[in-house]
Structure formats: C-alpha cells, structure tokens
2 protein chains.
Amino acid sequence: MSIAPRRIRNPKKRPTQRRRGNTRSDNRRDELLAAAARLFSKNGFEATSMRDIANEVGMLAGSMYYHFPAKDDLIVAAHAEGVQELLRAMDKALDGVVGGWERLEAACVAHLDNLLGGSDIAGVVAVDFSQLPEELRARLIEQRDEYEGRLAQLIDGLELREGVDRRLMRLSLLGSLNWTPNWFRADGQTPASIARHFVALLREGVA
Amino acid sequence: MSIAPRRIRNPKKRPTQRRRGNTRSDNRRDELLAAAARLFSKNGFEATSMRDIANEVGMLAGSMYYHFPAKDDLIVAAHAEGVQELLRAMDKALDGVVGGWERLEAACVAHLDNLLGGSDIAGVVAVDFSQLPEELRARLIEQRDEYEGRLAQLIDGLELREGVDRRLMRLSLLGSLNWTPNWFRADGQTPASIARHFVALLREGVA
DNA sequence: CACCCACTACCAAGCGGTTGTCTGGTTGGG
DNA sequence: CCCAACCAGACAACCGCTTGGTAGTGGGTG
C-alpha cells in the first residue's frame with residue numbers, strides 16, 4: 001500500500017495556537033495570508049512551498065511557523081480569507097438588486113469576477129482540492145459551506161418548474177463556474193459575460 | 001520573483017525516444033501507465049511521485065526512465081490513455097442510440113460513470129490541470145481536444161433555441177460534470193443519475 | 001537443434017536540490 | 001526590560017533524475 005505521497009513528518013502535538021496575548025503593530029500575519037492566497041490560487045496548494053510564500057513577503061520560511069503551526073493551517077486560514085472576500089463581494093453585488101434571477105445572476109457575476117480576476121485573494125476558492133488529504137479537505141469544505149449555503153438560499157428564492165432538484169442545480173452551476181479557470185483566456189469573453197450566459201442557459205434551457 | 005515551485009534540472013537534450021527496436025514480452029510499460037493513471041487520478045499529478053508509481057507495480061523509480069524520459073512524459077502518456085478509454089466508453093455508450101438528446105445524455109452518463117467509477121484509468125481526465133506549467137498544460141489540452149470535439153459534435157447535432165452559444169453550453173456542461181469529483185459521495189445518487197439530471201437541466205431549463 | 005551473443009528491461013545506488021519543520025538566538029517596540 | 005516577532009541555520013525526508021551494471025530472453029547462426 002503506502003500510497004501516501006503526502007509527507008507526514010512529525011505527528012506529535014501541535015504547538016498550541018499562537019495569537020493569544022497582545023500584538024504589535026509590525027505583525028505581518030495578514031500580509032502573509034494575502035501572499036499565501038495569491039500563490040495558492042496561481043500555483044495550487046502542493047506546488048506552492050513555504051519558502052515561496054515567505055519570500056513573497058520578504059521573510060524567512062521558518063518565521064511563518066510563529067504565526068501558523070503548519071502549512072495545512074496556513075492553507076485553511078488563507079482559504080477562509082478567500083471565502084470571506086467572496087462573501088463580501090457577493091453582498092456588495094447583491095446590494096439593492098431585486099428579483100430572484102437578477103440576484104442569482106449578480107452573485108454569479110461577482111463569483112466569476114473574483115475567480116478569474118487574477119489579482120485577487122478570492123481565487124484560492126477555485127483551487128481544486130479534490131485530491132487533498134481527507135482531513136484537510138474536510139476543513140476546506142466546511143469553510144465553503146457558508147458560501148454555498150448563501151448560493152442555495154438564492155436558488156431557494158427562485159420559482160422553478162416542478163421536480164427540479166435544487167441541490168443538483170446548485171452543484172451544476174457551481175461546477176460550470178469553478179471549472180472556468182481550466183479554459184478561460186483573458187482575451188476572450190469577460191468573466192461577467194460568461195457568468196450571465198451560464199445563468200441564462202440554466203434558466204431558460206437550450207431546447 | 002522565482003515563484004517557480006517546479007524544478008527544471010536538466011534542460012539538455014531529451015534522450016531520443018525509446019521503443020524503436022524489438023520488444024520483449026516482459027515489457028511492463030502498459031502496467032506502468034495504468035498504475036500512473038490510477039495514482040494521478042487519486043492524488044493529483046504533483047502529489048504523486050515517481051517512487052509511488054514504481055512501487056505500485058513493484059519496480060524501482062529509476063527503472064521507469066527506461067520507458068519514459070521524464071515525469072511529464074509519463075503524465076502525458078497516462079493522460080492519453082485515459083482519454084482513449086473515455087473515447088472507447090463513449091463510442092460504446094453511443095452505439096445504436098438515436099436522437100440528439102439521447103446521444104448527448106448517453107455520452108454524459110458514460111463520462112460520469114468513468115470519472116466517478118473509481119477503479120478506472122479514465123479518472124485521470126478529471127484531474128485538475130489548471131495549475132500545471134504552461135507547456136505541459138498545453139499538451140494535455142491538445143489531447144482533450146479530440147474528446148471535447150466529439151462532445152461538440154453531439155451538441156452541434158442538437159436543435160437549439162436561437163442565440164444559444166454552443167461553445168459555452170459545452171463548457172458549462174463539461175464543468176458541471178468534471179466538478180463532480182469535488183462533492184460526489186458514493187453513497188448518494190449514482191453517477192448516471194447525476195449525469196441525466198445535468199443534461200435535463202440544460203435541456204429544459206429550470207424556470 | 002543447440003548454442004550464443006546482442007540487447008531489452010530492469011536493479012542498485014546515489015546525485016544535487018527542495019520540501020516542511022524545528023531549535024536557539026536576536027531585536028526593537030510597548 | 002520583557003516578550004512579540006522575527007532571523008539564521010540546520011534537520012531528515014523526499015524529490016526527479018542519472019549512472020553503471022546485469023539478468024534473461026529472443027533472434028540469428030552453425
């Protein structure tokens with residue numbers, strides 16, 4: 001067996017989470033998180049090394065372990081940051097928009113804009129995590145639940161034909177959106193246009 | 001800079017491709033390809049090491065370089081194998097089926113069956129490659145083109161409402177299908193059922 | 001048919017480099 | 001002056017890949 005490409009070196013006790021006492025103004029934890037999210041979304045989780053991230057903010061790799069007890073925790077924290085940014089973008093895009101379909105469309109446009117925008121932290125949410133070790137994977141899924149729950153709410157607010165499975169509808173739409181990094185080219189259609197098309201396809205059908 | 005987690009050690013001339021002369025019956029190249037495809041689809045490209053693959057077939061890591069000049073070439077070859085298997089499955093599923101939508105549905109069912117089937121080599125096609133180095137990524141995209149072209153043909157054969165972007169329709173459907181490994185659970189709906197739902201959503205719309 | 005040798009298909013060992021992580025020391029702001 | 005927030009450097013493990021050697025097998029020859 002031993003199909004364990006992931007290296008687990010020291011399963012011993014995690015050093016108790018930092019960030020308990022007072023902080024100083026030169027704390028670069030947030031800077032670190034942003035850099036991590038950027039690199040993760042550009043190169044993936046496994047392909048981004050601790051040194052890459054540290055180097056991005058001008059710090060040594062070992063120093064990051066003052067802020068995060070392990071790489072997995074950095075991943076989780078950066079991912080959480082990305083989800084929060086997506087949620088904020090969603091709220092902003094939804095502000096003042098009325099009508100079920102209009103709201104769903106606005107949310108999808110915001111989603112793709114942030115996913116394919118490039119410079120953003122939110123791109124980390126689109127990083128494929130289907131092959132991560134089960135434990136880490138579970139933590140990321142849990143974080144996404146809030147966001148997907150919001151999407152589910154938007155879909156629940158729609159009037160649909162009878163017999164439509166709203167869960168599968170959500171997963172289908174999310175798949176369409178999250179697969180775009182695999183084929184998107186910056187010189188083609190805009191993310192917003194793509195998102196609107198996807199929603200329209202789903203809404204009206206093609207036949 | 002130096003955001004180059006991928007290691008490029010020897011840019012020198014590739015050893016001219018093997019497999020020129022006579023072969024012997026104890027050639028385990030195919031066995032190697034199958035094992036690679038299995039591990040890639042389970043753990044991803046970067047997370048699967050040469051030693052993992054070699055170990056799977058009971059061979060030493062270095063020995064694989066007799067068959068493939070580099071890991072990238074193994075990836076390409078295994079991916080090609082997966083695509084071929086998908087094509088065969090598609091042909092088989094399409095055999096005797098008439099009607100545009102029926103054919104598209106049959107193809108999608110075959111697609112998901114192979115993707116989520118688990119034990120199959122075809123799963124390698126669903127592995128996210130959006131973060132692979134550009135050159136390798138391009139080679140994989142090229143291989144998929146034949147398969148996606150087939151899907152495009154199926155879609156071209158449909159009678160659709162006016163103004164439907166068939167390319168975006170294909171990409172949307174493919175996204176829905178290929179994103180399923182991120183949420184699929186073996187104890188829920190069957191892959192075939194999911195595929196049929198997705199096609200139905202797209203066909204009839206939800207509103 | 002037996003022999004033989006070339007060559008396929010590996011093994012064994014190790015290369016330089018990178019990985020995540022740890023330990024112990026240093027520093028400057030509150 | 002204390003401690004948050006780093007640096008410097010090392011650790012073993014593992015990475016993709018190379019080199020040099022060798023077993024055994026198949027085709028060719030007598």
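Protein chains get the first letters and strands the later ones, always in sequence-line order, with residue 1 at the start of each. Below, all heavy atoms of this structure are taken into account, side chains as well, without hydrogens, waters or symmetry copies. The structure displayed is predicted, hence computed values, not measured ones.
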Please report the distance, rounded to the nearest Å, between [atom1] in [X] and [atom2] in [N].
X: B/Asn55; N: D/dG16; atom1: CG; atom2: P; answer: 13 Å
X: A/Asp52; N: C/dT19; atom1: CG; atom2: P; answer: 6 Å
X: B/Glu46; N: D/dC14; atom1: CD; atom2: P; answer: 18 Å
X: B/Asp72; N: D/dC15; atom1: CG; atom2: P; answer: 16 Å

Filter on salt bridge (Lys or Arg N to Asp or Glu O under 4.0 Å), then keep only pairs touching residues 78-97 of chain A, sequence neighbours left out; what's left?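 Matches after skipping sequence neighbours: A/Glu85-A/Arg88, A/Asp91-A/Arg150.
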With nearest nucleotide decided by heavy atoms, which residue, A/Arg51 or A/Gly58, maps closer to the 5′ end of DNA chain D?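 Going by which nucleotide is closer to the 5' end, it is A/Gly58.
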Tabulate protein N/O versus nucleotide N/O from nucleotides 25-27 of chain C, keeping only pairs under 3.5 Å, one per line.
none

Please check the phosphate of [N] (OP1 and OP2 only) for any side-chain N or O of [X] closer than 4.0 Å.
X: A/Arg28; N: D/dC6; result: yes
X: B/Tyr66; N: C/dC10; result: no
X: B/Ser63; N: C/dA9; result: no
X: A/His67; N: D/dA4; result: no

Heavy-atom neighbours of B/Glu142 CD exceed 12 at 6.0 Å: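 No, the 6.0 Å shell around CD holds no more than 12 heavy atoms from other groups.
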Measuring from the side chain of [X] (C-beta onward, heavy atoms only), which nucleotide among [options] has the closest atom?
X: B/Tyr65; options: C/dC22, D/dC17, C/dC11; value: D/dC17
X: A/Ser49; options: C/dC11, C/dT19, D/dC6; value: C/dT19
X: B/Met59; options: C/dC11, D/dC17, C/dT19; value: C/dC11

Carboxylate-amine/guanidinium contact B/Asp52 B/Arg38, below 4.0 Å: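 Looking at B/Asp52 and B/Arg38, the cut-off is not met.
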Please check: side-chain N/O of B/Arg144 versus main-chain N/O of B/Val125, any donor-acceptor pairing under 3.5 Å?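 Between the backbone of B/Val125 and the side chain of B/Arg144 there is a qualifying donor-acceptor contact (under 3.5 Å).
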Distance-only, no hydrogens or angles: does the A/Arg166 side chain make a donor-acceptor pair with backbone N or O of A/Ile155 under 3.5 Å?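 Yes; at least one donor-acceptor contact below 3.5 Å.
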Heavy-atom side-chain contact between A/Glu46 and A/Leu132 under 4.5 Å: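 In contact.
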Side chain to side chain donor-acceptor pair (under 3.5 Å): pairs with one or both residues in residues 179-191 of chain A, sequence neighbours excluded: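 Qualifying pairs: A/Gln189-A/Ser193.
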